[in-house]
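In what follows, a single structure is set out as structure tokens and then discussed.
Atoms considered below: every heavy atom in the structure, side chains included; atoms not considered: hydrogens, waters and symmetry mates. In this chain, numbering begins with 1 at the start of the sequence shown.
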Amino acid sequence: MNRATQKIVFIDIDGTLVGDDGMVPESAQKACKIARENGHLLYLCTGRSKAEIYDAIWDIGFDGLIGAGGGYVESGDEILYHKKVTPEDVRHMVDFFNTHGIDFYLESNSALYASQNLKPHLERRIYGDVENDSVARDKMERFPHPFIAGLTYGETDLYKDDVNKVCFLESAVPFEFIKGEFQGRFEVIQCTVPIFGKDSGEMMIPGIHKAIAIADLLNHLSLPQEQTIAIGDGMNDAEMLEYCAVGIAMGNANPGLMEIADDITDHVEEDGLYKSFVKYGLISES
């Protein structure tokens, strides 16, 4: 492929590449594989940390990862950087959440560490009342969600020193109260995973977002911004869509993201990623 016609595509995961069931639609798998065969570069660009990128995703084939909302960048086998939360801020956050009964998990590149009551809370949100509803219990047994299986449970010491970011589930504590508690220490945004609840959230190191990481990666690769395409669904994709030459919102995207996108494709479960790849010439329709 002519380097001047090569595209560099930045792809969000949850709600973009992956549906609510935690799986990548076959059409999206096909689109990514063919686009790389055609000579384009594909980078995952996600709020997830590396420990959340399961083999089923990597096996599709990608050129690298921007993870933790921009706090971690790797290209091929090379790590460009990895920004971590300070131990003091980790301790403050863990103590605050435990005191207020908020379920959460810490994201690091080595593992995802779940708080004490996170697993049953997640199971209720994903499957329903698994203790009293046989249909919900059957769903859990037959269709185990990869996210629940990917978490590390039972850690008694959550004062970890390699934390990228933190996610918390909706609780009785209002989102704005939590945001105010960590003002200046964390960037606290609404969570982009709908099943976590409206008042769930993500907490990141201030000054980090996907567009900064993309700019750093492009500089490292000596590739131009003009050849970039971004596709996402949540407001943590806003800077990415605005920065890249073409910003595409999924049909299931946050309305605020749709407003700033250059284009809107179909829902993640309606071959939205595949259709966008065809439209922008990354692959041919088949």
Side-chain angles (χ1 to χ4, degrees), residues 12-14 17-18 21-24 43-60 62 64-98 101-127 140 144-169 171 182 185-189 191-193 195-197 200-205 208 210 213 236:
D12 175 54
I13 294 183
D14 294 292
L17 180 69
V18 167
D21 60 357
M23 306 299 176
V24 182
Y43 284 82
L44 296 167
C45 196
T46 175
R48 293 192 187 196
S49 293
K50 189 171 183 179
E52 285 181 275
I53 316 298
Y54 312 123
D55 289 345
I57 294 175
W58 279 124
D59 289 347
I60 295 168
F62 293 95
L65 164 70
I66 293 174
Y72 175 82
V73 183
E74 70 174 34
S75 183
D77 295 327
E78 183 177 3
I79 298 173
L80 274 65
Y81 55 73
H82 182 192
K83 300 177 181 179
K84 303 173 188 178
V85 179
T86 67
E88 294 78 14
D89 287 337
V90 172
R91 182 175 290 272
H92 175 196
M93 178 273 307
V94 169
D95 290 348
F96 175 84
F97 284 165
N98 285 338
I102 300 168
D103 298 320
F104 66 97
Y105 60 95
L106 307 177
E107 299 186 19
S108 75
N109 278 14
S110 56
L112 305 178
Y113 297 103
S115 62
Q116 183 177 359
N117 299 312
L118 181 73
K119 187 175 183 180
H121 189 166
L122 280 174
E123 289 174 346
R124 289 194 302 273
R125 288 190 170 274
I126 292 174
Y127 307 116
M140 181 177 70
H145 199 288
F147 176 71
I148 291 182
L151 288 161
T152 296
Y153 304 98
E155 285 283 319
T156 55
D157 180 9
L158 291 178
Y159 298 144
K160 303 298 181 182
D161 61 4
D162 61 344
V163 175
N164 303 325
K165 59 189 283 279
V166 183
C167 285
F168 59 89
L169 272 59
S171 69
F182 296 100
R185 306 306 304 170
F186 285 96
E187 183 72 27
V188 185
I189 65 170
C191 188
T192 57
V193 182
I195 58 172
F196 286 4
S200 60
E202 300 180 21
M203 300 170 58
M204 299 171 291
I205 301 168
I208 288 176
K210 293 181 179 183
N236 68 338

Taking side chain as C-beta onward, heavy atoms only, is Pro146 less than 4.5 Å from Met23? yes
Given 3.5 Å as the limit, does a donor-acceptor pair link the side chain of Ser108 with the main chain of Ala111, or not?
yes
Interatomic distance, CE@Met140 vs OH@Tyr127, rounded to 0.5 Å, equals 7.0 Å
Rounded to the nearest 0.5 angstrom, the SG-CG distance for Cys191 and Leu169 is 7.5 Å
Ile53 vs Thr46 side-chain heavy atoms within contact, under 4.5 Å: yes
Sorted by chain and residue number, the side-chain hydrogen bond (donor to acceptor under 3.5 Å, both in side chains) partners of Tyr54 (sequence neighbours excluded) come out as none
Exactly one candidate in Phe96, Phe168, Phe97 meets ring pair (Phe, Tyr, Trp, His ring centres under 6.0 Å) with Phe104; the answer is Phe97
Using a strict cut-off of less than 4.0 Å between a Lys/Arg side-chain nitrogen and an Asp/Glu carboxylate oxygen, indicate whether Asp161 and Lys84 qualify as a salt bridge.
no
Original post:
So, for His92 and Phe182, is the gap between ring centers shorter than 6.0 Å?
Top reply: yes
Would you check, one step at a time, whether the test side-chain contact (heavy atoms from CB on, under 4.5 Å) holds for Met204 with Ile189? CA-CA 8 Å; Met204 299 171 291; Ile189 65 170; 3.8 Å; yes
_Can a donor-acceptor pair be found, under 3.5 Å and without considering hydrogens, that links the side chain of Lys165 to the backbone of Gly69?_
no
Closest heavy-atom pair, Gly47 versus Glu107, reported as atoms and distance to 0.1 Å, is O-OE1, 3.4 Å
inquiry  = A side-chain contact here means heavy atoms from C-beta on lying under 4.5 Å apart; do Met203 and Cys167 qualify?
reply    = no
Between the CG atom in Asp95 and the CG atom in Asn98, the distance rounded to the nearest 0.5 Å is 7.0 Å
Quick one: do Leu44 and Ile57 satisfy side-chain contact (heavy atoms from CB on, under 4.5 Å)? Show the steps, please. CA-CA 10 Å; Leu44 296 167; Ile57 294 175; 3.9 Å; yes
CG of Leu151 to CG of Leu118, rounded to nearest 0.5 Å, is 6.0 Å
**Prompt:** Do Ile205 and Asp89 come within less than 4.5 Å of each other through their side chains, counting heavy atoms only?
**Reply:** no
Here the pair of heavy atoms bringing Ile208 nearest to Lys83 is CD1-CD, 3.7 Å
Quiz item: Tell me, do Thr86 and Arg91 make a side-chain contact under 4.5 Å, heavy atoms counted?
Solution: no
dist Tyr113:OH -> Leu158:CG (nearest 0.5 Å) comes out at 9.5 Å
Rounding to 0.5 Å, atoms OH (Tyr105) and OH (Tyr153) come to a distance of 10.5 Å
Show every donor-acceptor pair shorter than 3.5 Å between a side-chain atom in residues 119-126 and any protein atom, with sequence neighbours excluded, or say none if there are none.
unit_1 : atom_1 : unit_2 : atom_2 : d
His121 : ND1    : Asp103 : OD2    : 2.6
His121 : NE2    : Arg125 : NE     : 2.9
Arg125 : NH1    : Ile195 : O      : 3.4
Arg125 : NH2    : Glu170 : OE1    : 3.3

Taking the side chain as everything from C-beta on, heavy atoms only, tell me whether Lys210 gets closer than 4.5 Å to Asn236. yes
Residues at least two apart in sequence or cross-chain that pass side-chain hydrogen bond (donor to acceptor under 3.5 Å, both in side chains) with Glu88, listed by chain then number, are none
>> Distance to the ring centre below 6.0 angstrom and angle to the axis at most 45 degrees; does that hold for Lys50 and Tyr72?
In response: no
Given side-chain contact (heavy atoms from CB on, under 4.5 Å), test His82 with Val73 step by step and report yes or no.
CA-CA 7 Å; His82 182 192; Val73 183; over 6 Å; no
query = Can you check side chain to side chain donor-acceptor pair (under 3.5 Å) on Asp162 and Ser110, steps first, answer last?
reply = CA-CA 8 Å; Asp162 61 344; Ser110 56; 3.1 Å; yes
**Tyr43 vs Leu65, side-chain contact (heavy atoms from CB on, under 4.5 Å): CA-CA, chis, key distance, verdict** = CA-CA 5 Å; Tyr43 284 82; Leu65 164 70; over 6 Å; no
I'd like to know if the side chain of Asn109 pairs up with that of Ser49 as donor and acceptor (distance under 3.5 Å, no hydrogens or angles considered). no
Notebook entry, point to check: Is the CD atom of Glu155 crowded by more than 12 outside heavy atoms at less than 6.0 Å?
Noted result: yes
